[in-house]
Amino acid sequence: MASKRVEQIAAHLNYPRGMLAGQTAIITGSGQGIGAEAARLFANEGAKVVVSDIDGAKAQSVADQINQSGGQAIAVPGDMLDDKYLDTLVKKAAEFGNGKLHIIVNNAGYTWDGVIHKTTDKQWDTILALHNTQPFKLVRVAAPYFRVKDGEPRNVVNISSTSGLHGNAGQANYALAKAGVTGLTKTIAKEWGPQFGVRANTVAFGHIATRLTAAKEEGGYVTLPDGEKVALGIPQKQKGAKEAGAEAFKDIPLGRPGTATEAAGAILSIVSPLMSYVSGQTLSVTGGRNM
Ligand SMILES: NC(=O)c1ccc[n+]([C@@H]2O[C@H](COP(=O)([O-])OP(=O)(O)OC[C@H]3O[C@@H](n4cnc5c(N)ncnc54)[C@H](O)[C@@H]3O)[C@@H](O)[C@H]2O)c1
């Protein structure tokens with residue numbers, strides 16, 4: 001009887017902690033917002049997290065906070081639009097994961113809005129590159145770590161938006177790109193599911209409170225490879241009167257925007273073993289909007 005109890009305790013002590021224990025994850029755009037929260041939640045569940053972001057200081061800060069709270073993370077800063085960075089990112093992630101890589105979350109992104117007749121080729125090409133071409137290339141570079149038969153879980157999550165599922169005036173480029181990721185997701189699920197057990201899913205967000213949806217007047221911006229700055233956020237007049245409170249969110253059944261933590265929770269859920277038979281799907285995380 002006593003030896004049985006000792007065995008139970010030993011098993012408990014040896015049991016890897018957390019739903020993602022033993023797994024290594026790349027989360028792009030995890031220097032802030034939804035990606036940073038996903039990094040924190042993944043680390044809490046035992047994953048080794050590779051914090052990838054163009055903003056090196058923010059990426060390092062997220063990795064430092066995870067390491068200080070007992071998790072494991074490294075920052076690998078760089079620009080998703082740079083092909084060489086994708087090679088570096090996968091190489092460093094695989095080193096960190098002792099030769100293994102289990103999860104990619106293609107989350108890095110921003111909007112660069114314009115009505116159709118005023119959208120420039122540069123606006124169009126940049127948004128498609130960032131949300132479609134580069135995530136595809138990242139998955140392609142990482143293919144040797146996903147096309148393996150070691151019986152361990154493998155997941156790709158591509159982040160989409162209600163703009164991709166339903167269209168949005170002023171966002172032809174972003175809507176096309178965010179619709180595109182669902183096709184990429186399903187193709188990964190069909191190519192790498194049968195032999196390698198890789199799951200691929202899309203998580204589509206509605207209104208999540210981050211820099212991307214903050215007031216444009218707050219002055220957030222991203223810098224393109226050629227140095228041009230793109231302003232982020234939603235102009236206040238388009239956002240609806242903030243003072244109007246719930247009125248401003250009346251098309252959302254839950255009556256409010258989601259938090260970055262809630263958004264990240266959905267990403268964690270879908271890569272977790274609790275969803276081990278879910279693949280090729282699009283999970284809408286919208287507070288019920290667009291039912
Ligand atoms: N916030 C929302 O309401 C919402 C809604 C639908 C979809 N999304 C999507 O969710 C994802 C995360 O957005 P968020 O709201 O957390 O925004 P955010 O601006 O808070 O975070 C995005 C992160 O991506 C990084 N990034 C941007 N361009 C990059 C590049 N070229 N290379 C590397 N990193 C880059 C940024 O530095 C930033 O840290 C995006 O794909 C966005 O399109 C957000």
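One-based numbering along the sequence shown. In listed order, ligands and their atoms are each counted from 1.
At least one heavy atom of Lys178 lies less than 4.0 angstrom from ligand 1. Contact between Ala260 and ligand 1 is absent, with no heavy atom of the residue lying under 4.0 Å from the ligand. Look at Lys58 and you'll find every heavy atom at least 4.0 Å from all atoms of ligand 1.
Distance alone, capped at 3.5 Å, is enough to place a donor-acceptor pair between the Thr213 side chain and the Ile208 backbone. Although no hydrogens or angles enter the test, the distance criterion places no donor-acceptor pair under 3.5 Å between the side chain of Ser161 and the main chain of Ala204.
A salt bridge links Glu228 to Lys122: one of the charged nitrogens lies within less than 4.0 Å of a carboxylate oxygen. We find that Glu45 and Arg40 are not joined by a salt bridge, their nearest charged nitrogen and carboxylate oxygen being 4.0 Å or further apart. Ion pairing between Lys92 and Glu95 fails under the 4.0 Å rule for side-chain N and carboxylate O. A salt bridge between Asp53 and Lys58 is absent, with no side-chain N of the basic residue lying under 4.0 Å from a carboxylate O of the acidic one.
The shortest N or O to N or O distance between Leu232 and ligand 1 is not under 3.5 Å. On a distance-only criterion, Gln32 and ligand 1 share at least one N/O pair closer than 3.5 Å.
Neither side chain, Thr24 nor Tyr145, offers a donor N or O lying under 3.5 Å from an acceptor on the other. Using modelled atom types, one finds no donor on one side chain facing an acceptor on the other under 3.5 Å when comparing Asp82 with Gln134.
Near Ser160, with a cut-off below 4.0 Å to any heavy atom, the atoms of ligand 1 are 6 (C), 7 (C). For ligand 1, the atoms sitting less than 4.0 Å from at least one non-hydrogen atom of Gly33 are 16 (O), 20 (O), numbered in the order shown with element in parentheses. Every atom of ligand 1 with a heavy atom of Tyr174 under 4.0 Å away is listed here by number and element: 6 (C), 7 (C), 8 (N), 9 (C), 42 (C), 43 (O). Close approach to Asp79 involves these atoms of ligand 1, each under 4.0 Å from a residue heavy atom: 30 (C), 31 (N), 32 (N). Close approach of ligand 1 to Thr213 is summarised as follows: ligand atoms under 4.0 Å from at least one heavy atom of the residue are 1 (N), 2 (C), 3 (O). Distances below 4.0 Å separate heavy atoms of Gly206 from the following atoms of ligand 1: 2 (C), 3 (O), 4 (C), 5 (C), 6 (C). Of all atoms in ligand 1, listed by their number and element, those nearer than 4.0 Å to a heavy atom of Asn107 are 10 (O), 11 (C), 12 (C), 40 (C), 41 (O). Counting the atoms of ligand 1 from 1 in the order shown, those under 4.0 Å from a heavy atom of Ile159 are 9 (C), 10 (O), 11 (C).
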(request) Could you walk me through whether Glu191 and Lys186 pass salt bridge (Lys or Arg N to Asp or Glu O under 4.0 Å), step by step? (result) CA-CA 9 Å; Glu191 277 195 24; Lys186 290 176 185 180; over 6 Å; no
Exercise for review: Please test Asp64 against Gln68 for side-chain hydrogen bond (donor to acceptor under 3.5 Å, both in side chains), starting from the C-alpha separation and ending with a verdict.
Suggested key: CA-CA 6 Å; Asp64 287 348; Gln68 281 154 19; 5.2 Å; no
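Comparing Ile27, Asp53, Asp55 against atom 37 (O) of ligand 1, the shortest heavy-atom distance belongs to Asp53. Across Thr210, Ile234, Asp82, heavy-atom proximity to atom 14 (P) of ligand 1 is greatest for Thr210.
At a heavy-atom cutoff of 4.0 Å, ligand 1 is contacted by the side chain of Leu130 but not by its backbone.
For atom 29 (C) of ligand 1, the nearest non-hydrogen atom of the protein is Ile54 CG2, 4.0 Å. If you check which protein heavy atom lies closest to atom 3 (O) of ligand 1, you get Ile208 N, 2.8 Å. Of all protein heavy atoms, the one closest to atom 32 (N) of ligand 1 is Met80 N, 2.9 Å. When hydrogens are left out, the protein atom nearest atom 16 (O) of ligand 1 is Ile34 N, 2.9 Å; that is the closest non-hydrogen contact. For atom 23 (C) of ligand 1, the closest heavy atom belonging to the protein is Gly29 O, 3.5 Å. At the top of the distance list for atom 22 (C) of ligand 1, counting protein heavy atoms only, stands Gly109 O, 3.9 Å. Scanning the protein for heavy atoms near atom 27 (C) of ligand 1, the closest one is Tyr110 CD2, 3.6 Å. Remark: minimum distance from atom 13 (O) of ligand 1 to any protein heavy atom is reached at Leu212 CD2, 4.1 Å.
Counting heavy atoms of neighbouring residues, nucleotides and ligands inside a 6.0 Å radius, atom OH of Tyr221 does not exceed 12 of them.
The only option from Asn106, Asn158, Thr282 that meets the side-chain hydrogen bond (donor to acceptor under 3.5 Å, both in side chains) definition with Thr185 turns out to be Asn158.
Using a 4.5 Å heavy-atom threshold, the side chains of Ile104 and Val157 count as separate.
Nearest heavy atom pair, residue Ser272 against residue Arg199, reads O-NH2, 3.2 Å.
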